[in-house]
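The structure appears below as structure tokens.
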Amino acid sequence: MERYDPKTIEPKWQQVWDDARAFETPNPAPGEADGEPHWYQLEMLPYPSGTLHMGHVLNYTMGDVLTHFRRRNGWKVLRPMGFDSFGLPAENAAITEGGHPREITERNIAAIRVQMRRLGWAIDWTREISAHEVDFYRWTQWLFLSFFERGLAYRAAAPVNWCPNDQTVVAHEYVVDGRCDRCGTLVEARNLEQWFFKITAYADELLEYDLPEWGDWPERTKTIQRNWIGRSEGAEILFRIEELDTDIPVFTTRPDTLFGATFFVLAPEHPLVERIANSEVDEYAKRTAARRGEARATEEAKTGVFTGHYATNPVNGERLPVWVADYVLMEYGTGAIMAVPAHDERDREFAETFDLPIRQVIDEEHGVLVDSGEFTGRPIEDGERKIVESLREQGRGAPAVSYRLRDWSFSRQRYWGAPIPIVYCDDCGMVPVPEEELPVLLPEVEDYRPKGVPPLASNEEWLYVPCPRCGKTARREADTMDTFVDSSWYYLRYVDPRNEDAPFDRRLVDYWCPVSQYIGGIDHATGHLLYSRFFVRVLREMGLVGFGEPFARLFHQGWLQMGGSKMSKSKGNVEGPDALVDEYGADAVRTYILFMGPADQDMEWTDTGIEGIVRFLRRLWRVVLEVAEGAPAGGAANTPLARKAHTTIAKVTDDIERRFQFHTPISAVMELTNELARSPEDPAAPFAAETAVSLIQPYAPHVAEELWQRLGHERLWETPWPQADPALLERETFELVIQVNGRVRDRVEVPAGLPDEELVARAKDSPRVQAHLDGSEIKQTIVVPGKLVNIVTK
RNA sequence: GCCGAAGUGGCGGAACUGGCAGACGCGCCGGACUCAAAAUCCGGUGGCCUUCGGGCCGUGUGGGUUCGAUUCCCACCUUCGGCACCA
């Protein structure tokens with residue numbers, strides 16, 4: 001018999017699919033196909049900073065299974081692909097390899113396309129986009145201008161993270177444990193003028209996870225985002241510093257403890273600190289403001305200096321000493337706090353260090369306020385409300401909300417990104433480049449390597465342009481945009497990738513979006529996934545889209561491990577699919593990577609594991625060919641094998657569609673194949689063979705297509721998904737489990753549909769059961785119809 | 001500290017709604033084919049005991065609810081992830 005040879009059948013079918021344009025999905029014409037079920041399947045696009053590794057293979061194969069499954073179930077499926085080709089990952093790769101970023105990036109893209117084709121993924125290549133192409137980034141610039149007009153993109157001085165290795169500012173979202181997510185270098189705190197997106201204005205909207213347009217997001221992802229946004233309710237209260245004739249607002253979540261305030265603290269960076277003429281304070285503020293992040297957080301002992309000034313507590317007129325201390329952060333709340341050492345651990349520590357008074361104002365045991373003037377004796381919540389009310393009447397306070405979230409810093413002092421379309425004019429100030437002058441092309445520069453100053457500024461011919469407003473010579477913005485700006489909207493461009501008049505057509509985004517199913521790493525929970533949600537909220541306000549969330553359903557694949565540790569470039573254990581495809585074939589690689597375990601868990605790759613899958617595919621090949629060469633189908637037989645085929649259809653369908661579980665369907669098809677191999681004479685053998693081939697097609701499309709053809713059929717990729725016949729799922733007999741006192745003692749085959757009493761009678765007939773009853777008195781019998789009988793004795 | 005997820009054979013894992021624990025695969029053991037090997041096929045494989053009929057134990061630990069718990073409840077242990085001088 002002919003051997004299973006993936007090396008010949010895989011290229012063959014890849015060519016057939018290409019020629020047939022099998023996976024292209026045209027957009028509906030205006031007014032057409034509105035009611036047709038459609039599905040937008042998307043996986044996070046790759047950075048072309050190298051070629052694909054096995055993590056990508058898992059991600060895209062999962063998307064591929066869903067794509068085939070939906071297509072064959074009558075859905076119109078949009079399944080595009082593109083490249084996140086701008087930004088640090090691609091640029092750093094270019095620096096390492098020593099070529100121009102465009103050259104390296106495009107070379108990697110070409111290589112990835114070949115890899116993707118070899119894996120046989122069902123991608124609509126007519127919609128391919130790359131972030132670095134002018135056709136794409138002109139619209140990134142256009143969107144920037146729209147945000148700018150609305151005041152949602154602004155330039156300001158603020159504490160930012162500076163990566164000394166990448167020589168650029170990086171976003172808070174991509175600083176992990178104080179290190180740059182791209183290169184692992186410890187970041188430094190700098191106060192720099194940078195571009196920001198005003199994502200904080202959408203903090204409350206981004207916490208709306210209960211809108212009807214939400215499909216299904218993992219609870220843990222929402223939790224991570226909630227923690228990141230960090231919403232706290234409380235009050236803002238004005239404290240007065242009489243000597244300086246100033247009111248200082250503080251934010252507190254515990255206005256009920258206001259009477260317990262015994263001192264007042266300013267962050268070292270607080271603007272008021274400069275006004276306090278005192279060399280000791282000055283020295284302390286300068287020293288501590290420079291230290292941030294990790295260094296400041298891990299400091300064991302509290303430090304601070306007294307300013308010599310006093311702030312008045314509005315609730316009782318008490319004068320509280322004003323200190324400067326670095327445990328108060330400028331970027332949270334108002335950068336100033338009222339300190340209540342009795343009810344705040346940090347304040348207590350500080351008070352103990354500097355011997356400041358500690359006054360208890362809450363009786364924790366009874367949950368009431370004590371030593372709190374007119375509010376004494378009130379329950380905590382009531383007291384809190386009354387205190388804020390009273391402050392409000394005096395104009396000294398109001399309820400307030402504070403967030404941990406900070407605005408998204410998106411300007412980068414790097415070459416490989418979309419230029420920010422802004423011009424600085426001495427007379428007109430900051431002037432946006434007019435829409436009709438877009439795109440602002442990324443210029444060539446002699447040296448694109450990072451030097452801490454924007455490389456774009458070195459091209460003076462590009463840099464100096466007439467001011468769009470007054471015509472006088474002005475200077476372009478030379479920073480470029482963060483790559484996450486590109487990925488915040490790329491999924492919208494896929495629906496209309498060649499549009500020359502707009503980023504996309506409203507009709508088409510509203511037809512396809514939100515993305516039906518998004519798949520990608522959870523490492524983007526607070527970055528890309530939050531940025532994209534922010535973008536869509538803004539785009540909806542602009543009337544560009546008719547929905548408020550980008551991704552209806554979200555799934556995070558687990559990390560693939562090789563050799564015991566998480567795959568990462570720094571560990572050097574990143575393996576690509578090419579050698580494995582050479583050795584085992586794409587179908588085996590695809591099937592094994594999903595067979596390894598639940599797709600959302602971390603998994604360890606083993607070469608012996610994939611050999612099990614190869615054995616399965618060979619067995620399938622052999623068994624199906626035997627059937628194909630044997631007798632033709634024997635009609636609609638109701639045999640054990642036919643029933644097995646139908647239960648397998650039901651199981652595979654339910655697992656993929658409802659349970660989103662990709663490894664158990666493979667087990668189910670293996671079972672069917674094993675049973676088919678055991679009973680080749682069963683009249684339902686041809687049907688079972690067809691079913692096995694049809695069900696494995698989303699996983700192993702090449703061998704499935706080949707076997708389908710040998711079984712005398714065509715174009716499995718567009719053949720409707722098999723349907724389980726409910727009549728054949730019903731069994732005529734079943735194995736009745738008999739328990740005595742909850743322990744299984746026997747199993748007997750009985751006809752389905754017997755009344756309970758009859759089942760109990762059959763159970764009692766069993767000699768084994770009788771041995772265990774041993775004449776003891778029966779207290780109770782429990783019957784689970786179609787399953788078991790439990791006899792309970794005294 | 002706060003929030004979240006998870007603990008099942010030698011290994012990856014299954015058991016979906018409280019009803020047969022260990023499907024499927026890997027590995028291992030035995031057998032067939034072969035001069036031999038590979039490939040393939042067949043059988044076995046949680047632990048302990050056994051008079052070979054079967055019995056007992058077993059899903060991180062300890063309790064509980066229930067006729068019955070991997071599944072529900074309480075407490076704890078361990079691992080992983082998020083936040084963290086956030087007022």
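On a predicted model such as this, the values are computed, not experimentally measured, just so you know. Proteins get letters first, then strands, A, B, ... in listed order; numbering begins at 1 in each.
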Exercise for review: Return the nearest nucleotide to the side chain of A:F595; candidates are B:rC56, B:rG12, B:rA87.
Suggested key: B:rG12
Check your understanding: Separation of A:M670 atom CE from B:rC24 atom P, in whole Å?
Key -> 10 Å
Exercise for review: Output the single nucleotide from B:rC16, B:rG27, B:rG19 whose closest atom is nearest the side chain of A:T608.
Suggested key: B:rG27
Check your understanding: Of all the base pairs, Watson-Crick or G-U under 3.5 Å, which form stems of three or more consecutive pairs involving RNA chain B?
Key -> B:1-7 with B:77-83, B:10-12 with B:24-26, B:27-32 with B:40-45, B:46-49 with B:54-57, B:60-64 with B:72-76
Check your understanding: If you draw the axis of the six-membered ring of A:Y327, does the NZ or CZ of A:K302 fall within 45° of it and under 6.0 Å from the ring centre?
Key -> yes
Point to revise | Separation of the C1' atoms in B:rA14 and B:rG22, to the nearest angstrom | key: 7 Å
Review point. Are more than 12 heavy atoms from other residues, nucleotides or ligands located less than 6.0 Å from atom CD of A:E681?
Key: no
Review point. How far does the P atom of B:rU59 sit from the matching atom of B:rG53, given to the nearest Å?
Key: 29 Å
Exercise for review: Take A:V175 and A:I782, find for each the nucleotide of RNA chain B with the closest heavy atom, and name the residue whose nucleotide sits nearer the 5' end.
Suggested key: A:I782
Review point. Which value, in whole Å, describes the distance between the P atoms of nucleotides B:rU70 and B:rG62?
Key: 13 Å
Revision key, fill the gap. Whole-Å distance, A:H663 NE2 to B:rC16 P, equals 12 Å
Revision key, fill the gap. With A:D746 as partner, the option from A:K764, A:R768, A:R762 fulfilling salt bridge (Lys or Arg N to Asp or Glu O under 4.0 Å) is A:R768
Point to revise | Whole-Å C1' distance, B:rG13 and B:rG46 | key: 15 Å
Review point. Among residues 759-772 of chain A, which contact RNA chain B at a heavy-atom distance under 4.0 Å?
Key: A:R768, A:H772
Review point. Under 3.5 Å, is there an N or O donor on one side and an acceptor on the other linking the side chain of A:E345 and the base of B:rG1?
Key: no
Review point. How do A:R622 and A:V744 order along RNA chain B: which one's closest nucleotide is nearer the 5' end?
Key: A:V744
Check your understanding: Are A:R3 and A:W621 in a cation-pi setup, meaning NZ or CZ lies under 6.0 angstrom from the ring centre and within 45 degrees of the ring axis?
Key -> no
Revision key, fill the gap. Heavy-atom nearest pair, A:F616 first then A:M670, reads CD1-CG, 3.6 Å
Review point. Would you say the side chain of A:R226 and the base of B:rC83 hold a donor-acceptor pair, judged only by whether the two atoms sit under 3.5 Å apart?
Key: no
Point to revise | Over 12 foreign heavy atoms within 6.0 Å of CD, A:E749 | key: yes
Review point. How many Å lie between CH2 on A:W559 and C1' on B:rA5, as a whole number?
Key: 17 Å
**Study point:** Pairwise C1' distance, B:rU8 and B:rU61 [rounded to whole Å]
**Key:** 15 Å
**Study point:** Distance-only donor-acceptor test (3.5 Å): side chain A:N227, base B:rC83
**Key:** no
Review point. Would you call A:K779 and A:T793 a side-chain contact if the rule is heavy atoms closer than 4.5 Å?
Key: no
Exercise for review: Would you mind reading off the distance between A:Q661 atom CD and B:rG12 atom C1', rounded to a whole angstrom?
Suggested key: 14 Å
Review point. Expressed in whole Å, how much space separates the P atoms belonging to B:rC28 and B:rU79?
Key: 32 Å
